[in-house]
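Structure first, commentary second.
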Number of protein chains: 2
Amino acid sequence: MSAEEAVPATAAPGRVERKRGRRIQEIVTTAADLFGARGYDAVSLEDVADRLDVTKGSLYYYFSSKDELVTAAIETLGNEWTARLEALPAAHEGPVADRLRALVREHIGIAVREYPAALRLFLVPQEWPAAQQARIKALRRRHDQFFRTLVEEGVASGAFTVTTVDTTLQCMHAAMSQTPGWCAHLTGRAQDRAVEEFTDTLMMLVGVAPTSASS
Amino acid sequence: MSAEEAVPATAAPGRVERKRGRRIQEIVTTAADLFGARGYDAVSLEDVADRLDVTKGSLYYYFSSKDELVTAAIETLGNEWTARLEALPAAHEGPVADRLRALVREHIGIAVREYPAALRLFLVPQEWPAAQQARIKALRRRHDQFFRTLVEEGVASGAFTVTTVDTTLQCMHAAMSQTPGWCAHLTGRAQDRAVEEFTDTLMMLVGVAPTSASS
DNA sequence: CCAAACTTTGACCCGTTGGTCAATACCTGA
DNA sequence: TCAGGTATTGACCAACGGGTCAAAGTTTGG
């Protein structure tokens with residue numbers, strides 16, 4: 001079981017690291033879950049540790065502070081989310097209005113169904129160290145990029161009518177980030193309908209009436 | 001312990017009460033300021049007391065808990081705000097689109113200029129006693145009423161095109177409640193311009209293009 | 001000017017929470 | 001099987017924050 005390890009020299013350079021990496025991911029994922037659901041203040045490190053069946057002290061073996069853990073959690077959450085949006089086929093083909101609509105719908109859908117209130121994480125505490133703030137801001141920028149691209153394209157092609165791209169995007173994100181709260185009491189079909197409604201409403205922000213959806 | 005139930009000549013029936021009332025207002029106003037600026041968790045009772053040049057203990061002479069103080073603060077803030085919106089002349093005459101526009105602009109203006117981030121107060125902690133929650137919900141309902149009335153009127157008269165009144169209102173409020181954050185770094189003219197921009201953008205939610213603004 | 005009512009103080013209680021650390025358990029490769 | 005790194009524990013600390021309370025200070029009406 002071990003003799004045939006034909007990789008003796010510099011044996012397993014990454015084995016240990018990889019294991020450590022996985023553990024970190026585990027922790028970060030769990031943390032993201034909790035922080036996403038209840039917010040920064042409301043979740044203590046013991047809550048996180050408990051969920052992992054571990055002691056608080058262990059967390060400090062991997063992270064040097066709560067802020068760092070939270071930042072990592074936000075990063076994980078954000079990257080995963082962004083990746084999923086970027087991987088959405090419907091957001092890459094067809095009329096720009098339809099692409100944006102698909103993107104918005106997916107975004108809201110993920111927020112509502114998988115990360116209740118997660119976006120509140122993007123509200124970085126002012127008192128955090130600059131480094132942390134920068135990391136999260138960069139994340140946000142990347143996350144917004146896809147939306148911005150589409151909106152700009154729509155404007156350029158005359159399909160959208162927006163006052164200012166920035167303003168429009170901010171309003172969109174504000175509304176999207178709170179949809180989970182509004183949908184909290186809904187389930188199944190009703191929730192789906194709500195997602196549709198919000199999507200349609202948000203499309204009006206770029207000047208696309210909901211009925212014209214057909215494409 | 002008190003035989004003087006025979007209040008003489010109803011002398012000053014309210015003198016003492018009124019003084020107490022004023023003190024309470026003072027406290028509540030200060031609290032509203034702080035909580036509005038930094039949020040529930042980030043403000044301790046000592047912060048409030050400090051600002052009033054008083055000891056934490058004193059606050060408990062007027063309020064039985066932090067929750068109660070905060071609730072009172074929210075109520076004060078909310079009522080004042082609502083009253084100012086309702087007193088806005090421009091929101092009572094002219095085409096419905098112009099009225100709504102004036103209302104939105106004023107709302108955002110107040111938020112940005114006077115109550116930075118105050119609206120975050122409306123996010124009531126779930127773990128609060130039902131009574132408190134009810135008070136704030138009622139407040140919110142009254143606050144929304146004016147907006148709802150106008151939107152409904154616009155829809156009825158065919159001036160607006162909205163998917164759902166509820167959804168539209170929620171998106172509007174979400175965006176409005178976060179505008180202060182976006183405008184935090186702006187001052188003077190730039191801030192005014194931002195308020196205009198957001199107003200125009202939000203008008204698109206009801207299907208009114210910004211250029212038709214004239215008024 | 002006094003006594004009763006009203007205010008405020010400041011010391012104190014207690015649970016929570018972020019953070020530290022020496023000691024111990026666990027692996028793993030040789 | 002044993003050494004060495006890796007992971008985890010659990011006890012502990014200090015600061016903070018909400019809340020209590022008896023005692024002392026201040027107003028006020030008579």
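Just so it is clear: chains get the letters A, B, ... in the order the sequence lines come, proteins before strands, and each one is counted from 1.
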Atom [atom1] of [X] to atom [atom2] of [N]: distance rounded to whole Å?
| X | N | atom1 | atom2 | result |
| --- | --- | --- | --- | --- |
| Ile24(A) | dT8(D) | CD1 | C1' | 15 Å |
| Asp50(B) | dC16(D) | CG | C1' | 14 Å |
| Leu52(A) | dT9(D) | CG | C1' | 15 Å |
| Leu45(B) | dC12(C) | CG | C1' | 17 Å |
| Asp53(A) | dA7(D) | CG | P | 18 Å |
| Phe35(B) | dG18(D) | CZ | C1' | 11 Å |
| Leu69(B) | dG18(D) | CG | C1' | 12 Å |
| Asp41(B) | dC16(D) | CG | P | 16 Å |

Under the 3.5 Å Watson-Crick or G-U criterion, the dot-bracket string of DNA chain C, with | for inter-strand pairs: ||||||||||||||||||||||||||.|||
Expected output: side-chain Gln133(B) to main-chain Trp128(B) donor-acceptor under 3.5 Å: yes
Side chain to side chain donor-acceptor pair (under 3.5 Å) partners of residues 189-198 of chain B, not counting sequence neighbours, each pair once: Thr164(A)-Glu197(B), Thr167(A)-Glu197(B), Arg105(B)-Glu196(B), Arg113(B)-Asp192(B), Arg189(B)-Asp192(B)
Residue pairs fulfilling side chain to side chain donor-acceptor pair (under 3.5 Å) with at least one residue in residues 43-60 of chain A, sequence neighbours excluded: Ser44(A)-Asp47(A)
Test side chain to side chain contact (heavy atoms under 4.5 Å, CB included) applied to [X] - qualifying residues, sequence neighbours left out:
| X | result |
| --- | --- |
| Arg23(A) | Glu26(A), Ile27(A), Leu52(A), Val54(A), Tyr62(A) |
| Arg84(A) | Glu106(A), Ile110(A), Glu114(A) |
| Tyr61(B) | Arg20(B) |
| Ala49(A) | Leu59(A) |

DNA chain D-proximal residues of residues 56-68 of chain A, any heavy atom under 4.0 Å: Gly57(A), Ser58(A), Tyr61(A), Tyr62(A)
Any side-chain heavy-atom pair of Thr168(B) and Met204(A) under 4.5 Å: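 The answer is no; the side chains never approach within 4.5 Å.
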OP1 or OP2 of dC6(C) under 4.0 Å from side-chain N/O of Arg20(B):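 Result: no.
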Any Arg23(A) side-chain N or O less than 4.0 Å from OP1/OP2 of dT8(D): yes
Contact nearer the 5' end of DNA chain D, comparing Lys19(B) with Asp47(B):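 It is Asp47(B), whose closest nucleotide lies nearer the 5' terminus.
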Phe147(A): partners by ring-ring contact (aromatic ring centres under 6.0 Å, His included), with sequence neighbours left out: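 So Phe147(A) forms a ring-ring contact (aromatic ring centres under 6.0 Å, His included) with His107(A), His173(A).
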5′-ward residue of the pair Ile27(B)/Glu46(A) relative to DNA chain C: Ile27(B)
